[in-house]
Protein chains: 2
Amino acid sequence: MRVLIVEDDADLSRQLKSAFKDAGYAVDIANDGEEGHFLGDTEPYDAVILDLGLPLIDGVSVLQKWRADGKTFPVLILTARDQWSEKVAGFDAGADDYLTKPFHVEELMARLRALLRRAAGHTTDTIELGDLMVDNRAARAFVDGMAIKLTSHEFRLLSYMAAHKGRVISRTELVEHIYDQDFDRDSNTIEVFVGRLRKKIGTERIETVRGLGYRLLDPESENTD
Amino acid sequence: MRVLIVEDDADLSRQLKSAFKDAGYAVDIANDGEEGHFLGDTEPYDAVILDLGLPLIDGVSVLQKWRADGKTFPVLILTARDQWSEKVAGFDAGADDYLTKPFHVEELMARLRALLRRAAGHTTDTIELGDLMVDNRAARAFVDGMAIKLTSHEFRLLSYMAAHKGRVISRTELVEHIYDQDFDRDSNTIEVFVGRLRKKIGTERIETVRGLGYRLLDPESENTD
DNA sequence: CCTGCCCCTGAACGGTTTCTGAATATAATT
DNA sequence: AATTATATTCAGAAACCGTTCAGGGGCAGG
């Protein structure tokens with residue numbers, strides 16, 4: 001983890017740098033708003049600690065610039081005591097947290113951990129198979145970046161197959177996973193859905209394994225020959 | 001957005017509930033740690049405000065239990081002044097932010113907005129979807145710069161959908177997040193609200209995904225065809 | 001304290017999409 | 001070529017959704 005500290009009080013920044021290094025972070029220091037802005041813009045930090053009272057450019061402006069440029073790293077701002085209106089301004093500029101000076105270093109560390117933990121909570125909900133992408137969170141599928149319109153059962157089918165891509169999946173298994181309990185399956189609904197799905201995402205993507213079921217092909221891991 | 005407040009001071013919790021309702025949130029109150037723990041475990045909150053000094057079970061324990069159970073909603077803890085060691089314990093138990101009593105309600109709101117915003121992956125209080133803008137801070141919406149008159153529930157609906165733009169949101173999820181506890185969802189109020197909202201912001205902005213729910217379109221990221 | 005207004009709720013109805021199941025056509029296997 | 005498995009097509013049925021409306025409740029202004 002790499003952290004940027006933008007702070008003009010040299011004593012404080014040195015102290016913080018030392019404490020953070022001990023805790024296992026890589027730390028950069030900027031002594032004024034200009035330098036801070038430049039570093040934040042050009043280096044890939046995991047988090048930033050930003051003093052609001054800075055020479056050259058003030059902290060809120062630096063933060064606004066970063067956010068306007070699409071920087072998303074978590075930012076913890078440091079403010080003087082009893083400046084709660086300033087804190088609110090900082091939040092509205094896109095800060096994720098703040099701390100009032102003076103503070104205990106231990107508390108700053110705890111807050112930083114909380115921010116990093118939170119930022120890491122990203123789990124991708126999408127599955128890609130060549131130029132086919134299945135987005136389970138949005139309940140959509142894309143071919144070549146183009147959204148495909150699928151009905152709810154079509155999507156369920158695709159989603160399940162995508163989660164088990166490359167494997168042969170029996171009709172029974174499909175039925176069990178895309179329908180709830182009571183479904184009277186002496187009908188050919190699965191074949192019908194596979195047909196409709198093929199029409200929408202391309203026939204060749206779903207392979208029929210005669211006597212066993214279907215297989216959704218994953219171009220990444222095909223050793224076809 | 002639906003919020004849980006766990007606070008034993010009845011005056012304070014009543015005051016907060018009223019302020020939050022005015023700001024367009026659905027709010028539940030728990031008066032002690034036990035009730036708070038139960039509600040947080042069983043209801044899908046978007047955020048929780050948790051007092052650390054509570055009857056029956058203390059706040060830190062409640063939080064630990066939630067996190068151990070895999071609850072990920074953002075939690076803002078309230079502490080008495082100068083109890084910073086308690087705050088650190090709260091952070092390590094998985095809190096996302098804290099506020100020291102006494103505080104300005106306005107500041108609590110700003111912090112809550114920041115938490116919700118962060119949970120939604122945004123950095124500002126306003127969300128734009130083409131020429132539709134949702135301002136969560138002012139609880140207003142604009143189309144083409146013109147303010148739209150929305151009732152409180154219409155706004156809640158829009159706000160929640162905007163926070164999850166591009167994603168399909170089920171009716172159940174909508175009901176759970178725009179109403180507080182006691183609501184008998186054997187009705188079609190959601191459809192009614194969606195209808196009214198469409199009439200105000202334009203029908204085409206909310207896509208119906210049959211069998212799944214609704215999706216608020218984000219023109220920035222549509223490659224539909 | 002009362003009145004009027006606005007908003008929310010819940011139900012009914014009608015139109016539309018989607019699902020199902022069967023019939024028919026095509027492909028694979030022996 | 002016969003047999004079996006899978007595809008395709010289609011129509012009726014079911015599920016789903018949009019709309020409308022009346023009743024009721026809360027809030028603000030009188």
Side-chain angles (χ1 to χ4, degrees), chain A residues 139 141 148-161 168-216, chain B residues 2 17-19 21-22 24-27 139-141 148-158 160-161 168-216:
Chain A
I148 307 293
K149 218 181 150 220
L150 296 176
T151 70
S152 114
H153 281 211
E154 285 162 6
F155 183 79
R156 278 192 231 175
L157 180 67
L158 176 59
S159 169
Y160 187 81
M161 294 186 81
V168 176
I169 307 169
S170 71
R171 274 160 248 282
T172 311
E173 183 178 349
L174 286 174
V175 167
E176 281 170 349
H177 285 269
I178 72 179
Y179 289 102
D180 33 27
Q181 291 161 340
D182 29 64
F183 180 70
D184 180 18
R185 195 242 171 266
D186 10 296
S187 153
N188 62 343
T189 50
I190 294 296
E191 284 89 338
V192 173
F193 280 123
V194 169
R196 291 212 260 257
L197 200 50
R198 277 177 170 154
K199 206 169 276 170
K200 293 185 180 179
I201 67 172
T203 313
E204 72 292 347
R205 285 201 164 82
I206 301 176
E207 181 189 4
T208 301
V209 182
R210 203 181 162 82
L212 293 176
Y214 298 97
R215 201 158 71 88
L216 186 61
Chain B
R2 184 168 165 196
K17 178 165 187 169
S18 143
K21 285 216 154 184
D22 289 350
Y25 299 99
V27 184
R140 297 164 54 128
I148 306 293
K149 216 183 149 218
L150 295 176
T151 69
S152 111
H153 281 215
E154 285 163 7
F155 181 77
R156 280 190 219 177
L157 182 67
L158 178 59
Y160 189 82
M161 294 187 82
V168 175
I169 307 170
S170 70
R171 271 161 251 282
T172 311
E173 184 177 345
L174 286 174
V175 167
E176 284 173 345
H177 286 268
I178 72 180
Y179 290 102
D180 36 34
Q181 267 184 300
D182 22 68
F183 180 73
D184 178 17
R185 78 151 94 54
D186 250 13
S187 154
N188 64 343
T189 48
I190 295 296
E191 284 90 336
V192 175
F193 281 123
V194 168
R196 292 212 259 259
L197 201 50
R198 276 178 170 153
K199 208 168 275 172
K200 294 185 180 178
I201 67 171
T203 313
E204 71 292 347
R205 285 202 165 81
I206 301 177
E207 181 190 4
T208 300
V209 183
R210 202 157 227 270
L212 293 176
Y214 297 97
R215 200 160 70 84
L216 186 62

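Letters go in sequence order (proteins before strands), and every chain restarts at 1. The structure displayed is predicted, hence computed values, not measured ones.
The interatomic distance linking A:Glu191 (CD) with C:dA25 (C1') rounds to 14 Å, in whole Å. Computed from coordinates, the B:Glu207 CD to D:dC16 C1' distance equals 15 Å when rounded to whole Å. Atom pair A:Leu150:CG and C:dT17:C1' shows a separation of 15 Å (rounding to whole Å applied). In this entry the distance linking CG of B:Leu212 with C1' of D:dA15 reads 13 Å, nearest Å. Atom C1' of nucleotide C:dT18 and atom CD1 of A:Ile190 are separated by 15 Å, given to the nearest angstrom. Following rounding to the nearest Å, B:Glu154 (CD) and C:dT9 (C1') show an atom-to-atom distance of 14 Å. One can place CZ of B:Phe193 at 15 Å from C1' of D:dT19, the figure rounded to the nearest angstrom. A straight line from CZ of B:Phe155 to P of C:dC6 spans 22 Å, rounded to a whole angstrom.
Salt-bridge formation is not detected for the pair B:Glu154/B:Lys149: no Lys NZ or Arg NE/NH1/NH2 atom is positioned less than 4.0 Å from an Asp or Glu carboxylate oxygen.
Considering CD of B:Glu173 and CG of B:Leu212, their distance stands at 11.5 Å, rounded to 0.5 Å.
Between the side chain of B:Asn188 and the base of D:dT19, at least one donor-acceptor pair of N or O atoms lies under 3.5 Å. In the interface, the side chain of B:Arg210 is paired with the base of D:dC16 through a donor and an acceptor atom under 3.5 Å apart.
Between B:Gly211 and B:Arg196, the residue anchored closer to the 5' end of DNA chain D is B:Gly211, taking for each the nucleotide with the nearest heavy atom. Sequence order on DNA chain D of the closest nucleotides to A:Tyr214 and B:Gly213 puts A:Tyr214 first from the 5' end. Along DNA chain C, the nucleotide nearest B:Thr151 and the nucleotide nearest A:Val192 are compared for position; the residue whose nucleotide lies closer to the 5' end is B:Thr151.
Phosphate proximity of D:dC17 to B:Arg171: present, with a side-chain N or O under 4.0 Å from OP1 or OP2. The shortest distance between the side-chain N/O atoms of B:Lys149 and the OP1/OP2 oxygens of C:dC6 is not below 4.0 Å. When the side-chain nitrogen and oxygen atoms of A:Lys199 are compared with OP1 and OP2 of D:dT9, one or more of them lie within a distance under 4.0 Å.
Distance from the side chain of A:Ser187 is smallest for C:dT20 among the nucleotides C:dC7, C:dT20, D:dA7.
Side-chain polar atoms of B:Arg156 and B:Tyr25 form no donor-acceptor pair below 3.5 angstrom. With 3.5 Å as the limit, one finds no donor-acceptor pair spanning the side chains of B:Arg2 and B:Tyr179.
The backbone N or O of A:Ile206 sits less than 3.5 Å from a side-chain atom of A:Arg198, completing a donor-acceptor pair.
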